[in-house]
Amino acid sequence: MSNPSQVLEHVLNGLTHGSIKMVDLTQPLGEETPVIALPPEFAQSPGFTREVISRYDDKGPGWHWNTITLGEHTGTHFDTPSHWVTGKDQPHNTLDSIPVQNHIAPVCVIDTSKESADDEDFLLTPEFLEKWEQAHGRIPAGSWVLMRTDWSKRTDADAFLNLKEDGAHCPGPSVECIRFLIERDVAGFGTETVGTDAGQSHLFDPMFPCHHLIHGAGKYGLASLCNLDQLPPTGAILITAPMKIVGGSGSPVRVFAITSA
Ligand code: MN
């Protein structure tokens, strides 16, 4: 197994024979995909729409293609450091400048599904992560940390966004949790909710800590993930493939994990 080409052969054999599997962590992207709502004084991000260019008709008898319109942060998507003002001067902070090897990394999955079912404003804390580390080992530098909440099982858009008079209610990381993860030097933080921050995180100090602090530290975000319940706590490899938009602050991403079956 020490020969790298043999390692790759083993992976391919494993995928063929089912001892290694791929898990798709990507939600389908379409007109029904829910989009984050900002307070009304700010500009809103448009959801996904498409217009037919031609569909086997006079405009193009042999082919079908569409023009699509959407905000960069729509559906399952990748946040770059340049998404937030705190990360605007970080090196390699846009989609086209992130080194390609950063798009493959080990992944730690923190299961907060029970806590999030009991409390829709559940916050992941350093204490929770320390307990996780006691069971599964220290979170390695350069790894993704994904917060499993089972929020992706809310297939109704209203239940998914969970907007109330005082804003959105959904679980996410506490300020101290994000500081802890930066100390661990993770690659980034990902969630099953519409954004990487908790629904009520506009009340935190700093506001939206996963954006403010994580991107300020040059790290990435992943939002609207699914199928985290199919991943082990450690041992899987995450591949994130956003579009290579010049100067892009984020994009819909195809994200999948390779894991032992
Ligand atoms: Mn985003």
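This one's a predicted model, so the numbers in the text were calculated from it and none came from an experiment. Heads up: numbering here begins at 1 and tracks the sequence. All ligand and atom numbering here is 1-based and tracks the order in the structure.
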Report the relative orientation of the aromatic rings in His211 and Trp84; use parallel for angles under 30°, tilted for 30 to 60°, perpendicular for over 60°. tilted

Kindly assign one of parallel, tilted or perpendicular to the pair Trp144 and Phe78, based on the angle between their ring planes and the thresholds 30° and 60°. perpendicular

Please determine, by modelled atom types, if Ser249 and Glu72 share a side-chain donor-acceptor pair under 3.5 angstrom. yes

Output yes when Arg50 and Glu31 qualify as a salt bridge under the 4.0 Å nitrogen-oxygen rule, no when they do not. yes

Going through the checks in order, is the side-chain contact (heavy atoms from CB on, under 4.5 Å) test met by Leu129 and Leu124? CA-CA 8 Å; Leu129 291 172; Leu124 184 57; 4.1 Å; yes

Partners of Glu133 by salt bridge (Lys or Arg N to Asp or Glu O under 4.0 Å), sequence neighbours excluded? Arg184

Under 2.8 Å from the Mn ion (ligand 1), which protein N, O or S atoms do you find? Ignore water molecules. His73 ND1, His77 NE2, Asp79 OD1

